[in-house]
Structures are given as structure tokens and as C-alpha cells.
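Proteins come first, then strands; the chains are lettered A, B, ... in the order of their sequence lines, and each starts at number 1. Just so you know, these numbers use all the heavy atoms, side chains as well, and skip hydrogens, waters and symmetry mates.
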Amino acid sequence: MSLSNLIDDWSRYRKGREEGGFHDYEHMWGMSIDLNKCIGCNACSVACYAENNLAVVGKEKFEKGQGMHWLRVERYWDEPDLGEERTSEFQQHGASFLPMMCQQCNAATCEPVCPVAATYHTPDGLNAQVYNRCIGSRYCSNNCPFRLRYFNFWSYYEDSWPAPLQMQLNPDISVRDMGVMEKCTFCVQRIRTVKDTARMEDRKVRDGEVQTACSQTCPTGAIEFGDMLGMYDPETGVAETRVTKMWRKHQVELGKTKQNKQTPEMRGYRVFEFLNTDPCVMYLDRVREV
Amino acid sequence: MSFSKIKRRDFLKIMGWGGVGATLVGCDLPTTVTLEEGKEKVVSYLMPEEYVIPGVGVWYASTCQQCPSGCGIHGRVREGRVLKLEGNPASSVNKGRLCQMGQASLQAHYNPDRIAKPKIRRGSSLVDATWEEAYGLIAEKTANISGSKFAWMTGSVSGHQSVLLQAYLESIGSGNHFVHETINNAVWAKVCQDMLGDSNPRIRLDKAQSMLSFGADFLGTWGSPLHFSTEYAKFRTSPRGTLIQVEPNMTLTGANADLWVASRPGSEGALALGIANQLVSKQGLSMSGLPNSVQSLIRSYTLDETVTATGVDADRIADIAATLKRRSPSVVLAGASAQGHEHGYQCVAAAMVLNVILGNIGKTIESNGEFAYASMAPVSGNTHSLVSFSQAAADKRFDVVFFSGVNPVYTAPKSLGLKESLANIPFKVVFSHFNDETTAMADVVLPLASTEEDWGTHVAPYQAGVGEISIQQPLMEPLSTETRGFGDIVLTLLKKRKETAYEGFADYYAYLRNAFSTIPAEHKNGASDEQFWTDVLAAGLIDVGVKKTSLKVKGVEFDMPKEMGNSSAMILAPSARLGFWDGRHANLPWLQEAPDQISKVVWDSWAELHPSTAKKIGVKEGDMVKIASASGEINVKVYIYKGVHPDVIAVPLGQGHDAGFSRYAKDRGVNSLSILDPKVDKMTGELALYSTNVKVTKAAKTDDVLVRFGGSETQVGRKLVSTIPADVYERTEGGDHVA
Ligand code: SF4
Ligand code: SF4
Ligand code: SF4
């Protein structure tokens with residue numbers, strides 16, 4: 001494989017979403033997270049632990065950065081956009097919270113580096129991880145600009161779920177073992193269940209029918225989840241989903257490295273958009289009275 | 001048993017529907033369900049042929065018991081196991097949402113350290129026993145007890161558990177019910193009662209344009225946190241409300257404030273009066289509705305005087321007043337850090353005075369109505385009960401005490417001497433899930449079924465104008481055959497006391513089933529008895545309405561001690577978090593590993609210090625400090641940030657449990673409640689939690705490190721969280737959601 005071939009392939013892959021050719025997407029699951037509503041309460045994170053069989057690793061391993069929080073609520077004290085905070089005596093505008101899960105990038109930097117294609121893009125627009133194909137090279141994790149991939153350095157089964165705690169484990173998904181990479185799946189098992197039901201009822205999936213665990217529990221409704229390709233609803237005749245509406249309103253488009261907003265002040269943005277990974281998670285600016 | 005022997009009014013009382021008198025016409029005694037049938041229904045609802053479809057999750061409604069708010073939940077059950085909880089969208093309390101404590105309720109249920117068998121004390125140890133032995137011993141010890149010698153300490157309680165509990169107290173002839181919660185709104189409730197004629201008014205965040213909160217952590221621990229979180233989302237949509245939070249150390253609510261103001265604990269009342277002064281003198285508002293003495297008190301808090309008393313900048317005080325006036329209607333709240341003083345009542349009263357001056361009463365503070373069935377109405381806990389119980393125990397007033405839903409040996413400051421006084425109580429029965437500090441001192445331990453295994457009815461203490469009874473139903477078979485539901489235990493105890501009225505009920509389920517058969521017909525909407533019951537279980541709740549009430553502003557006189565706020569001694573802030581709550585959830589691994597919302601510490605305690613104070617003491621993050629009060633000392637690692645008043649050291653609640661509580665809480669951190677002085681709010685008797693002076697010194701470092709989530713405290717110039725000013729938001733998104 002020559003270098004030019006490699007670059008060419010990557011470039012076609014990268015543009016697959018806009019220009020077609022690599023995927024015929026059935027869905028494109030995406031999110032909108034409103035930082036004006038998020039209160040940093042951490043309910044989403046614990047809901048994810050409960051839904052997705054996330055291991056509790058304990059203090060010592062957590063210290064080494066081995067915590068398995070697929071959704072972590074980051075908290076920052078500075079406000080680069082407002083400036084003044086550094087000099088003031090108090091934290092006068094409170095904190096800045098950022099719920100961070102896998103951004104399900106459409107041009108995911110983690111995918112092409114996997115030597116065994118254990119992480120790949122599904123026709124649902126998901127960045128998937130095939131556990132039993134993963135050999136634990138950890139290249140993907142190194143290549144994730146958001147550091148949202150979590151590696152099983154240990155086998156946690158016994159320590160994390162002493163009987164009868166293991167009875168809570170969600171049978172819809174596996175418990176990952178040592179040597180395997182894992183991360184937020186957009187609750188793929190919930191998507192699967194809804195798709196199966198819809199298929200059995202011979203109909204299309206409806207907007208709002210799939211709720212991720214984090215979005216469902218969020219006390220302020222900060223997280224919207226849905227299909228970025230829209231969904232045709234025969235009753236309302238509308239093809240927009242709640243999430244596409246949010247993206248349109250806030251003038252953020254998939255497949256762009258730099259948004260060309262008509263109203264630049266609309267709040268939508270993607271973290272590290274300039275890195276060109278095309279995340280499917282849009283954030284809405286935090287708001288403060290100043 | 002035949003119901004005909006019991007008078008109708010008595011019968012209604014037994015079933016919890018008493019207390020509404022004349023409105024109960026047309027109520028029928030149960031006809032469709034006999035007790036025999038009731039018995040048959042006692043089998044688990046998990047009858048395989050009907051309810052278990054392999055591979056398919058089925059959702060059942062129930063009620064969260066992780067804090068007293070009473071959120072409705074849905075539990076996902078598959079192959080006989082409950083796997084996941086969500087909020088019940090039909091519940092007006094939480095509208096389908098759940099907090100992290102609610103999510104983690106499953107780990108209390110499946111906890112490897114749950115008590116699985118009754119225990120009886122033999123000498124210095126508790127040994128396994130049978131229920132017969134436990135009940136036998138209780139019957140023996142309570143056989144001829146005089147009412148005044150018996151007491152029952154519980155957490156907040158409501159619904160039919162409350163009805164049975166009261167019946168038991170009555171059967172003994174005792175009025176000694178101590179209801180204890182460390183996290184409470186007791187002073188707020190008393191002030192509301194005195195000044196508005198309603199202890200539990202409805203707060204309309206959705207209508208408010210601005211909020212001033214003196215330490216009311218309504219997103220975390222004040223009132224009904226999930227309910228207020230859903231309301232907060234409305235408050236923040238256009239026109240976006242402004243939140244000003246005044247408190248000694250940052251709570252979750254403070255972390256979301258537009259303006260966060262550090263207050264020296266105890267100065268909140270002075271600040272409120274100073275703002276009132278500005279509203280009257282500069283913003284043209286009237287205080288004519290207030291008693292003359294309060295008016296002159298407000299006049300005395302001139303800007304200069306307020307600055308001296310509080311240390312808050314003059315401009316800031318004027319600004320807050322101007323904002324509240326401009327962004328009307330507003331709402332002013334007061335919570336733990338404002339009420340936790342010897343003059344806590346006055347501080348909260350001063351905050352309420354602002355609501356009166358600002359004209360908020362009737363606009364953002366409304367009457368909430370009263371739950372119609374008095375014996376099922378929520379009884380909310382406080383710390384006054386802890387203080388008076390400790391005193392009574394010290395005075396050797398009780399021979400037999402029951403404890404349920406409380407862990408006073410952990411929550412009582414050592415200075416109350418409760419642990420020692422418990423030795424004065426010859427016979428202590430503890431209803432418990434875990435071997436916590438209080439359980440360890442029991443003479444009899446009654447192992448409780450978990451929330452997910454038990455039946456119950458609950459009336460949420462804060463409801464927005466409705467009177468929902470939320471159903472708790474088992475989401476799976478009990479994990480241990482030797483645990484019992486709370487209602488079942490009390491019912492058995494009543495039967496053992498030969499209370500004939502209860503003899504006919506095979507168990508608590510049968511009792512509840514009958515209660516719903518005898519519910520006043522107006523609530524059944526014409527449904528057959530069986531249909532009605534099925535509907536209630538499926539919905540998880542039933543709204544039985546409220547008795548309309550109205551607010552009446554009453555002039556209440558109060559003073560404000562002048563000297564407070566001037567002292568320079570450090571004050572300990574035992575702040576609470578939506579997480580470990582009052583310490584009861586430290587045994588849940590998800591919550592131990594969940595980073596604290598503010599400090600991001602995991603698996604530990606920490607002390608929060610302002611950078612200037614840390615510098616003075618000579619400590620940096622992770623260093624150990626010794627915090628010494630007149631009542632004891634603790635050693636704890638520090639976390640340094642600008643969200644704490646320089647005179648304050650905050651040590652959030654939760655850790656510092658005795659070994660027995662669980663493998664997860666064992667040997668972890670400190671309990672800041674333990675070294676509090678036994679001071680109380682003079683008006684209400686509530687523990688003055690924010691008034692203990694401490695000396696803070698650097699202590700020797702240990703090997704034990706402070707582990708925190710996240711590498712960086714700042715965004716290091718990256719655009720991670722982008723912030724825009726509110727006026728830009730109004731310009732671009734205003735009008736979208738205008739009501
Ligand atoms: S649950 Fe919602 S409000 Fe809470 S931290 Fe997560 S996104 Fe934010
Ligand atoms: S979408 Fe699902 S897997 Fe991803 S963070 Fe949310 S709960 Fe976790
Ligand atoms: S607020 Fe209380 S009742 Fe509601 S979910 Fe959380 S712990 Fe449960």
C-alpha cells in the first residue's frame with residue numbers, strides 16, 4: 001500500500017458521509033446537549049453505568065485513570081469566553097459542566113487505525129466496537145481526540161459485581177473482559193430493540209422511540225437524541241426529528257469542518273470541530289447573565 | 001374476621017382514609033374482594049405464564065425511596081430480575097426523570113452487604129435469630145410497657161406505612177414519634193407557616209424571572225430536587241430567569257448560578273435585610289405590609305451597615321436589589337446554610353420578608369393545598385427531633401425504642417452524646433437494610449425488604465398542587481427469604497398486640513388491597529374494584545386531590561443579632577450533596593465512583609478551602625488538615641477552589657462510616673457531622689449545622705491520596721464549554737418559549 005493510496009482512501013472515507021460511496025446510512029443517530037439546561041448533576045453518568053454494565057474499578061484504579069465512565073461530566077472553573085474569572089476572588093458564575101460521551105464521529109479517527117477493524121462505522125451511523133474482535137492494541141484510544149474510549153486493563157467481573165450485584169447486569173449486552181476496549185454505544189441495545197419492534201410491527205421507527213439511558217434520566221431534559229436523517233411521521237407528515245430541528249435551528253451541519261452560520265450567535269457547536277472528525281453530538285452554549 | 005364489628009368511621013381510619021369527615025358519603029365497604037381472595041393475591045405478581053416473557057423487559061411502576069422526595073419510578077423486569085430504573089413520566093414529582101441516587105437504588109437492593117436475617121443481641125454481639133424469636137422478644141418487652149416509656153424514631157414517612165405506624169403507637173398509648181432527617185426544610189417550613197399560614201407553599205420557578213437563593217440547593221438537596229430540576233429547565237428557557245445564589249460554599253445549585261456570592265455563615269439574614277433596605281430606599285418598593293418593628297429593622301440595615309455585617313460589596317448588594325426589582329416576579333428561597341444558626345429562623349424570616357416586599361406572594365409563591373387524608377399525609381423529619389430524643393435518652397425516659405429509616409448514631413453530632421445515651425435504653429429494635437452505626441447498637445435487628453421488594457404507598461411531601469398517592473410495588477421476588485417488608489412487620493406487631501382490627505389481613509398486601517377497595521368512591525371514577533386496582537398499579541399513582549387552602553401574609557416580628565458576621569473564626573460547613581445525601585448512600589459503589597459534582601473527588605472525603613485560606617494555613621490540594629471544634633476533631637485532605645468563603649471550611653457529608661456499614665464505605669473519609677457543637681436555632685430547636693467554630697491546622701500527610709476525576713481545572717484555552725451572555729441568548733432565542 002503506497003502512501004498516496006492510503007491518503008486517498010482516507011480522504012474518500014472521510015468524505016463518505018457527504019459524497020457517498022462508503023455507507024448507505026439507514027439511520028444517523030445524533031444528539032444535542034444544551035449546556036444552558038445541564039446542571040452537572042451526574043444522573044446521566046450513573047444511568048449509563050446501570051444500563052451498560054460499566055465496571056466500578058475502585059479508588060486505586062480510578063487514580064490511574066482506569067475509570068470506565070462512558071459518560072463523564074467534566075467540570076471547569078474558567079470561562080474563556082467571559083474572561084474575567086481568573087482575577088476575581090470568587091467563582092462568581094458557578095461552574096461549567098460538560099457531559100462527554102463518545103461523539104460518534106462520522107469521520108472517526110479511532111476507526112482507521114484499528115489493525116483488526118474491531119471499531120467501524122455501522123449503517124446506523126454509529127461508531128461501533130466489536131468486542132470479540134478487539135485485540136487490545138489501544139490504537140483507537142490513542143487516536144481519540146476526546147479520550148472517550150475506555151480500556152479493560154483488568155477483568156472486573158468478580159470485583160465489580162460481588163453477588164448478588166451481578167443480578168443487575170443488563171442481559172442485552174455483554175460484560176467486557178480484560179484486554180478489550182469499550183465506550184459509549186449510544187445505547188445500541190435500545191436502538192436494536194426499537195428497530196426489531198418496528199420491523200415486527202411492519203413500520204418505521206418513530207422519533208423519540210429510542211431514548212438513550214442518559215437522555216431519558218436527565219432531570220432537566222438537556223440531552224436530545226434522535227435520527228439525524230430525519231424520520232417521516234405519517235401522522236404529522238413531518239420529516240424532521242427533534243434532534244434535526246435543534247441542529248437546524250442552531251445552524252450546525254454534519255460533514256462540515258467549519259460552520260457557515262447565518263446567525264453566528266446561534267448556540268450550536270461541536271467540540272474540536274476543527275479536527276475534522278465530524279462528531280454527531282452538538283452542544284449548545286452555556287448561558288450566563290453577566 | 002367480619003368488618004361489621006368495626007364502626008365505619010373506625011374502619012376508614014384503619015384504612016387511612018379517615019380525617020376528611022363529611023366528604024366521605026357513598027363510601028362502600030369492600031364487597032368485591034374478600035379477605036380470602038386477598039390472600040390468594042399475595043403470591044408474587046411474577047406469575048410466569050402471565051408476566052415473564054423470556055428476553056423481553058417489562059416495566060412496572062413503583063416509588064423511589066432513596067430520599068424523602070417520593071419520585072415515581074418504572075422498573076424494568078426481565079426473567080424475574082429488576083435491571084434498570086427510570087422515572088415514571090406520570091408522576092408530577094419527577095416527570096419521568098431520575099437522579100443519580102434514584103438510579104443507584106438498584107445497588108442498595110442487590111447490595112452484597114445487606115442484612116439477610118433477623119438478629120438478636122447476645123452479650124456484646126448480634127447473632128442470627130428467627131422471626132419468631134425476634135417477635136417474641138419484642139412482644140415480651142412491650143407487653144406491659146407504659147406509653148411514655150416507648151418511642152419510635154423514623155425518617156420522613158407517609159402513606160399507609162404512616163397509618164400503621166401511628167396505629168402501633170396508639171396501641172401502646174405512646175405519642176413519642178421522633179421524625180428525623182438531617183437534610184430538611186424545617187426552618188423554612190416554620191417560617192412559611194408563621195408568615196404565610198402554609199408550611200409548604202408552592203414555588204413557581206416556571207413563573208419567576210429571577211431567583212435569590214440563600215443556600216437553598218433546590219437542584220440538589222432542598223425540597224424536591226428532581227421536581228425543581230424539571231422546573232429549573234423551564235426557568236432557564238426564554239425569557240431566561242436569573243439565578244443568584246448566596247452561600248458559604250458552592251452547592252450544585254450555586255454551581256449553576258449567574259451570580260454566586262460567598263457568605264459568611266450566619267450573615268445571610270443581615271444581607272437579606274440589607275437588600276430589603278435597598279428595595280425600599282432605592283427601588284421604590286413598599287414595606288407597609290410588615291410589622292413596624294421589622295420595618296425599623298430594615299431601616300437600620302443601611303448599605304454601610306450591611307457591608308459591615310456581611311462583608312459583601314456595596315455595589316453587589318445594590319445590584320442584587322436592582323436585579324430582583326427589574327426581573328419581576330422574583331422568588332427568594334432559603335435553605336440549609338441560611339437556617340443552620342442559632343438565629344436561623346431570623347435569617348429565613350428575613351429572606352421571606354423579601355418575598356413580601358417584592359410582591360411575590362401569590363405570584364411565585366402560591367398555596368399548594370393540603371393533602372386530604374391526614375393520617376396518610378407526609379410527616380417530614382427534622383433535627384429538632386434528634387436533639388430532643390438525645391436528651392430524652394440521656395434522661396433515661398425510654399425502656400423500648402424502635403428505629404426505622406434513620407441512622408441517628410451516624411447523623412447525631414458526638415456532642416449530643418446520643419451513642420452513650422443509647423446504653424440507657426434497655427431494648428432497642430432497629431428496622432434496617434444494612435449494618436449501619438445504629439443497627440450495630442440494636443438488641444433486635446429486623447432485616448427489611450428492599451425498596452424493590454416491598455409494598456407501600458407514599459405521599460410526596462412536595463407536590464405541585466396535586467395530591468398523588470404513589471404506589472410502591474415489588475419489582476421482583478425478595479433476594480432473601482428472611483427479610484420482611486416494613487408494612488408486614490408493623491402489621492404483625494399490631495396483631496401480636498391483639499389489635500383485632502388488623503387480624504383479618506393476611507399481610508400488608510392484603511391490607512393495602514383492602515385500603516384501595518375502601519377508597520372513597522369518587523376516586524374510582526366508576527371503575528370496578530378490580531379494574532381500579534389494576535389501573536392504579538399500572539399508573540403507579542392516583543391523584544386524590546388536595547383541599548384548597550390560601551396564603552395569608554401575617555406580620556411576624558423578629559430581630560437580628562448584630563454581632564454576627566464580624567468574628568474571624570473559621571466555621572465548619574457540613575454541606576450535603578445529591579449523592580451520598582446524609583451519608584445513607586455511601587455503601588453504593590456507583591455513587592462512590594461517581595465524582596462529586598463540585599470537587600470531582602471519588603471514594604473519599606475532602607475539605608473545601610478558599611485559595612487565600614489555604615495559603616494562610618500553608619496547604620495545597622491533597623494535603624491533610626486537622627479540623628478541631630470544641631466537640632472533637634477530624635483529619636481530612638483539602639481541595640482548593642474559589643467557591644468557598646475564606647472563613648469557611650466545608651466538609652461535605654457522607655463518609656466516615658463504621659466498618660460494618662459496607663465494604664464500599666469502610667475506612668473511608670470522615671463524618672463532619674460528628675464534630676459539630678450542640679447549638680440549635682433558638683426558635684425551632686433545629687440543629688444549627690453551620691455555626692460550629694473550628695481551628696484548622698496543617699496535619700501530617702498520609703499515604704492516602706485524594707483522588708479526583710479530570711486532569712485539568714480549566715479548559716486551557718480550548719473551546720470545551722462555550723459560554724454566551726444572556727442578552728445574546730434572548731436576542732437569538734427569545735420568544736421561542738414564551739408562555
Ligand atoms: S443528567 Fe442532564 S443535567 Fe445532569 S449532568 Fe447529565 S446532562 Fe447534565
Ligand atoms: S448514549 Fe447510552 S452508552 Fe452513550 S453515554 Fe448515554 S447512556 Fe451511555
Ligand atoms: S430525588 Fe429522591 S426520590 Fe427522586 S429519584 Fe432522587 S432519590 Fe429518588
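Looking at A:R267 and B:E733, a side-chain N of the basic residue comes within less than 4.0 Å of a carboxylate O on the acidic one, giving a salt bridge. The existence of a salt bridge linking B:R731 and A:E265 is confirmed by a sub-4.0 Å separation between a basic side-chain nitrogen and an acidic carboxylate oxygen. Remark: A:E89 does not engage B:R316 in a salt bridge, criterion side-chain N to carboxylate O under 4.0 Å. Electrostatic pairing of B:D596 and A:R75 does not count as a salt bridge here, judged by no charged N lying under 4.0 Å from a carboxylate O.
Residues satisfying the ring-ring contact (aromatic ring centres under 6.0 Å, His included) test with A:F62, not counting sequence neighbours, are A:H69. Every residue two or more places apart in sequence or in another chain that forms a side-chain hydrogen bond (donor to acceptor under 3.5 Å, both in side chains) with B:D604 is listed here: A:K59, B:K637. Residues passing the side-chain hydrogen bond (donor to acceptor under 3.5 Å, both in side chains) test with B:D217, sequence neighbours excluded: B:T221, B:T253.
Between the side chain of A:K37 and the backbone N or O of B:Y232 there is no donor-acceptor pair closer than 3.5 Å. Put simply, the side chain of A:Y76 never gets that close to the backbone of B:V721: no donor and acceptor are under 3.5 Å apart. Side-chain N or O atoms of B:R97 include one that pairs as donor or acceptor with a backbone N or O of A:Q216 at under 3.5 Å. Judged by distance alone, the side chain of B:S722 and the main-chain N or O of A:D285 form no donor-acceptor pair under 3.5 Å. In terms of modelled atom types and a separation under 3.5 Å, the side chain of A:R288 and the main chain of B:A257 share a donor-acceptor contact.
At a 4.5 Å heavy-atom cutoff, B:R114 makes no contact with chain A through either its backbone or its side chain. Heavy atoms closer than 4.5 Å to chain A are found nowhere in B:L706, neither backbone nor side chain. Within the 4.5 angstrom heavy-atom criterion, no atom of B:V261 approaches chain A. Only the backbone of B:S599 has a heavy atom closer than 4.5 Å to any heavy atom of chain A. Residue B:Y641 touches chain A through its side chain alone, counting heavy-atom pairs closer than 4.5 Å. Using a 4.5 Å cut-off between heavy atoms, B:L479 contacts chain A through its side chain alone, with no backbone atom that close. Proximity to chain A involves both the backbone and the side chain of B:Q715, based on heavy atoms less than 4.5 angstrom apart. Within the 4.5 angstrom heavy-atom criterion, atoms from both the backbone and the side chain of B:F709 approach chain A. With a threshold of 4.5 angstrom between heavy atoms, B:H109 does not approach chain A through any atom at all. With a 4.5 angstrom heavy-atom cutoff, B:N256 touches chain A via backbone and side-chain atoms both.
Taking the side chain as every heavy atom from C-beta outward, B:I724 and A:D81 never approach each other to under 4.5 Å. Between A:Q166 and B:Y110 the shortest side-chain heavy-atom distance does not fall below 4.5 Å. Within the 4.5 Å cutoff, side-chain heavy atoms of B:P589 are placed close to those of A:L165. Side-chain contact between A:E63 and B:W603: absent, with no pair of heavy atoms (C-beta onward) separated by less than 4.5 Å.
The residue among B:R577, B:R663, B:R76 with the most heavy atom pairs within less than 4.5 Å of chain A is B:R76. Top candidate by heavy-atom pairs under 4.5 Å with chain A, chosen from B:L243, B:L219, B:L226, is B:L219. Annotation: maximal heavy-atom pairing with chain A below 4.5 Å, among B:M101, B:M250, B:H645, occurs at B:M250. Note: B:L252 leads B:L85, B:T230, B:L252 in heavy-atom pairs under 4.5 Å with chain A. Contacts with chain A were tallied for B:L720, B:V82, B:L578, B:V705; B:L720 has the most, counting heavy-atom pairs under 4.5 Å.
Checking A:E289 against B:T242 by side-chain atom types alone, a donor-acceptor pair falls below 3.5 Å. In the model, A:R286 has a side-chain atom that pairs as donor or acceptor with a side-chain atom of B:T723 under 3.5 Å. No side-chain donor-acceptor contact under 3.5 Å links A:N170 and B:R78. No donor-acceptor contact under 3.5 angstrom links the side chains of A:S45 and B:Q100, judged on distance only. No side-chain N or O of B:W260 forms a donor-acceptor pair with one of A:Q92 less than 3.5 Å apart.
Around CG of A:D196, the count of heavy atoms belonging to other residues, nucleotides or ligands within 6.0 Å exceeds 12.
Taking non-hydrogen atoms and a 4.5 Å limit, the residue list of residues 148-155 of chain A in contact with chain B is empty.
Atom CG of residue B:L106 and atom CE of residue A:M167 lie 11.5 Å apart, to the nearest 0.5 angstrom.
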